[in-house]
Amino acid sequence: VALWEASMSVKIYTIPSIKGYDLMYALDEKDIPYEVETPSMGWSARNKIKELPVLEVDGKLLDYRKAMKWVKKYKG
């Protein structure tokens, strides 16, 4: 059983959507704790976000495709 590194911060920026739920399900399957936040338009504009969901891991933003790859490779 992998131990979770308490220092790692994982957050999903999303609105209710199939991709958002898919990403949350993938994180749950790997027992990765995360927070969910609905981003403001200002946050999205400042971070040049064109499509949600976005996964933030330790301050690095990943689009949906990269986020799913990260989750699948995650070993804990």
Side-chain angles (χ1 to χ4, degrees):
V1 175
L3 295 176
W4 174 254
E5 291 192 32
S7 62
M8 184 179 283
S9 170
V10 178
K11 187 182 287 188
I12 300 174
Y13 292 94
T14 190
I15 56 174
S17 68
I18 298 295
K19 286 182 178 181
Y21 294 131
D22 284 348
L23 186 51
M24 287 185 267
Y25 179 79
L27 289 165
D28 289 341
E29 286 288 297
K30 293 277 189 148
D31 291 323
I32 302 171
Y34 59 91
E35 295 177 44
V36 179
E37 189 169 315
T38 302
S40 67
M41 292 300 287
W43 181 90
S44 296
R46 282 192 306 279
N47 289 286
K48 299 181 175 123
I49 303 301
K50 295 179 182 170
E51 188 175 340
L52 296 173
V54 173
L55 186 68
E56 181 179 5
V57 180
D58 289 339
K60 182 178 180 182
L61 297 175
L62 305 173
D63 64 22
Y64 175 77
R65 195 179 102 266
K66 290 178 184 173
M68 291 300 279
K69 284 183 180 180
W70 179 85
V71 172
K72 287 178 183 174
K73 289 180 181 179
Y74 181 80
K75 301 289 185 201

Residue pairs involving residues 61-73 (criterion salt bridge (charged side-chain N to carboxylate O under 4.0 Å, His left out); sequence neighbours excluded): none
Contact summary for S17 and P53, nearest pair of heavy atoms: OG-CD, 4.5 Å
Heavy-atom closest pair, residues L55 and A67: CB-CB, 3.6 Å
Non-neighbouring partners of K19 that pass salt bridge (charged side-chain N to carboxylate O under 4.0 Å, His left out), sequence neighbours left out: E51
Non-neighbouring partners of E29 that pass salt bridge (charged side-chain N to carboxylate O under 4.0 Å, His left out), sequence neighbours left out: none
Answer yes if [X] and [Y] sit in the same cluster of Ile, Leu, Val, Met, Phe, Trp and Tyr residues linked by side chain heavy atoms under 4.5 Å apart, and no otherwise.
| X | Y | value |
| --- | --- | --- |
| I49 | L62 | no |
| I32 | M68 | yes |
| V10 | M24 | yes |
| L23 | I18 | no |
| W70 | V54 | no |

Of all pairs that satisfy side-chain hydrogen bond (donor to acceptor under 3.5 Å, both in side chains), the ones with a partner from residues 36-45, not counting sequence neighbours: K11-E37
Partners passing side chain to side chain donor-acceptor pair (under 3.5 Å) against Y34 (at least two apart in sequence or in another chain): D28
Validation row: Y74, M8 side chains within 4.5 angstrom (heavy atoms): yes
P39 side chain near L52 side chain, heavy-atom distance below 4.5 Å: yes
